[in-house]
Amino acid sequence: MAIDRRTFIKGAVATSVGAMLPINWVFAQNRPSGMTPLDVSSLTWSSAADLPDYFKILNTNPVNAYPPEFMLDPINTPADVAFIRWNGQLPDFANINPKTWTFTVDGESCETPKTYTIDELKSKFKTHTLKLTIECGGNSRSEFFPNAKGNQWSNSAVFCSEWTGVLVRDVLNDCGVKADAVYTGHHGADLHLSGKGEAISRGVPIAAALNDDALIAWSMNGADIPYMHGYPLRIVFGGRPGSVSHKAATGISIRNKIHDGSKMESPAYSVPTYPVAPGEKVDNKDFKIIEEMIVKSIITHPQTGTEAKLGKPLEVRGHAWAGLQDVAEMHVSFDYGATWKKANLSKPANRTAWQQWDIELDLPQTGYYEIWARATDAQGVTQPVIQPQWNPKGYMFNGCHRIAVRVV
Ligand SMILES: Nc1nc2c(c(=O)[nH]1)N[C@H]1C(S)=C(S)[C@@H](COP(=O)(O)O)O[C@H]1N2
Ligand SMILES: [Mo]
C-alpha cells in the first residue's frame, strides 16, 4: 500500500514532519533500530510496537491503545490519533490485497446472496462521505467506581473522522432484504485470540442498517484506511457502540433473529435491564444489548494541568455527541457545578458527527480550578456530574469530563 504523504502531514499532530525522509517505510518494524520514525504513517502501523509514544497501550495482544484527550482537538480526528481497539488477533495485514478483497451479503433474510469486490462496490453504488462518531461502549470505563473489569479506557476511546464509501442500505437492498429480517451480523478477517472463530461479530437492528447514514467505507479522511482502523474496508455506524463498526470487513449477514455472533451474548456490550447498585452482581439473563451511545462531551483544550494567566480569558473547547441525536446545549463550570455558563455550540456536519463547542472563561483570581463540561441532548437529557448508572461491564460512562487549570 502506498503511503500518502499528504495525509500523513495533514494528520501529524505530535510527530515532527519538518524533516522529510526520502524513504517510504513499508512496514514500520523494518526501520533501522534506534531511529525515531518521522515518516512512518499510521497507514502501516501493524502492531502495538509501531505506535508512537503518545499512545497509552493497554494491551499488546489484542492491541488496545488510546491517545491523550487533548490530541482529539481537531474537528476531524486524524488517523494517527484515533484510539485503537482489537478484540482478538490482528488481521494478516501484510497479505491483504484490496484488488481481491471481497464483501459478501448473505443470511436467512437475504433474497439473493452476492459477493462484491471493492472495485465493484465503487462502480455499482453511489459514493457517500460522512463524518461519523465511533465511541467504544467502554469509553471512560476507568472512571467507574467501583472499578469495572475490562480495558481501562480514559475519555479518549472516541473519535470522529470522515469516511467515504457506499451506504450499507444500498448494498443490502441490492441483495434483497426479506420482510422477516431482524438484525445484521457483521463479519471480518480477524480471528479470536485462540485462533478459532471470529474475534467479534456484532450487528444492528435491521432498521438501523437500512438508514441513510451507515457506510461500507474504503477511505478514512480521504486516504486508504490505516491497517489499525480497518483496511481495506470498514463497516461504519455513527452513534452506536464502536463494536458494530467492523474493521477489515468481509460481509454482512441479514439475520431473521438477533445476531448470535461472537460478543453478542450477554453480558458483552450489554447493560442490566434494571437499575443496580454499584458493584452489584447481575444475572446474565438480566442484560440488554446497547444499541445507541448517549450524550457526552470531551474537553480537548486546554490540556489538563495548564497554567493560565490571570486577567487573560481562557479559551476552553472540545466536542460533544449524543448517540443518534444532536447535542442541543453545552455548559461549562469552573466552580464544581455550582454555576454553569453556556458555551457556543456548532451544528453537526451530518447526523452522528460530533459537534464543536467553545467558551472563554474569566477565572476571577489566582489559584486552582477544575473545569467541567456538560452536554445536553435534543431530548433535554444531560450528562451526570458524578457517575452515571453503574453497570457490571463498565459501559457508557458519561459523567462530565473534568480538567485542572492553575491561574497564576
Ligand atoms: N474486525 C474488527 N472490527 C472491530 C473490532 C475488532 O476487534 N475487530 N473492535 C470493535 C470495537 S470494540 C471498537 S470500539 C472499534 C474501535 O475502532 P478503532 O480501532 O478504529 O478505534 O472497532 C470495532 N471493530
Ligand atoms: Mo469497543
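As the structure is a prediction and not an experimental result, all values here were calculated from the model. Just the heavy atoms: all of them, side chains too, but no hydrogens, waters or symmetry mates, feed the values below. Order of listing sets the numbers, starting from 1, for every ligand and every atom in it.
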*Distance-only polar pair, side chains of Asn76 and Lys131, donor-acceptor under 3.5 Å*: no
*Any N or O of Phe83 that comes nearer than 3.5 Å to an N or O of ligand 1?*
yes
*For atom 22 (O) of ligand 1, which of His229, Arg234, His186, Glu135 has the closest heavy atom?*
Arg234
*Decide whether the shortest distance between a heavy atom of Gly188 and an atom of ligand 1 is less than 4.0 Å.*
no
*Over 60° means perpendicular and under 30° means parallel, so classify the ring planes of Trp354 and Trp321, tilted if in between.*
tilted
*Polar contact flag for Asp190 and ligand 1 (N/O pairs, less than 3.5 Å)*: yes
*Starting from atom 3 (N) of ligand 1, which protein heavy atom do you reach first, and at what distance in Å?*
Lys247 N, 2.9 Å
*Please name all residues satisfying side chain to side chain contact (heavy atoms under 4.5 Å, CB included) with Ala214, sequence neighbours left out, ordered by chain then number.*
Val168, Phe237
*Ser245 to ligand 1, any heavy atom closer than 4.0 Å*: yes
_Counting only heavy atoms, tell me which of Thr77, Asn87, Val63, Ile225 gets closest to atom 5 (C) of ligand 1._
Asn87
*For His259 and Ser201, test the side chains for any donor-to-acceptor distance below 3.5 angstrom and give the result as yes or no.*
yes
*Decide yes or no for Ile235 and Ser245: does some side-chain heavy atom of the first lie under 4.5 Å from some side-chain heavy atom of the second?*
no
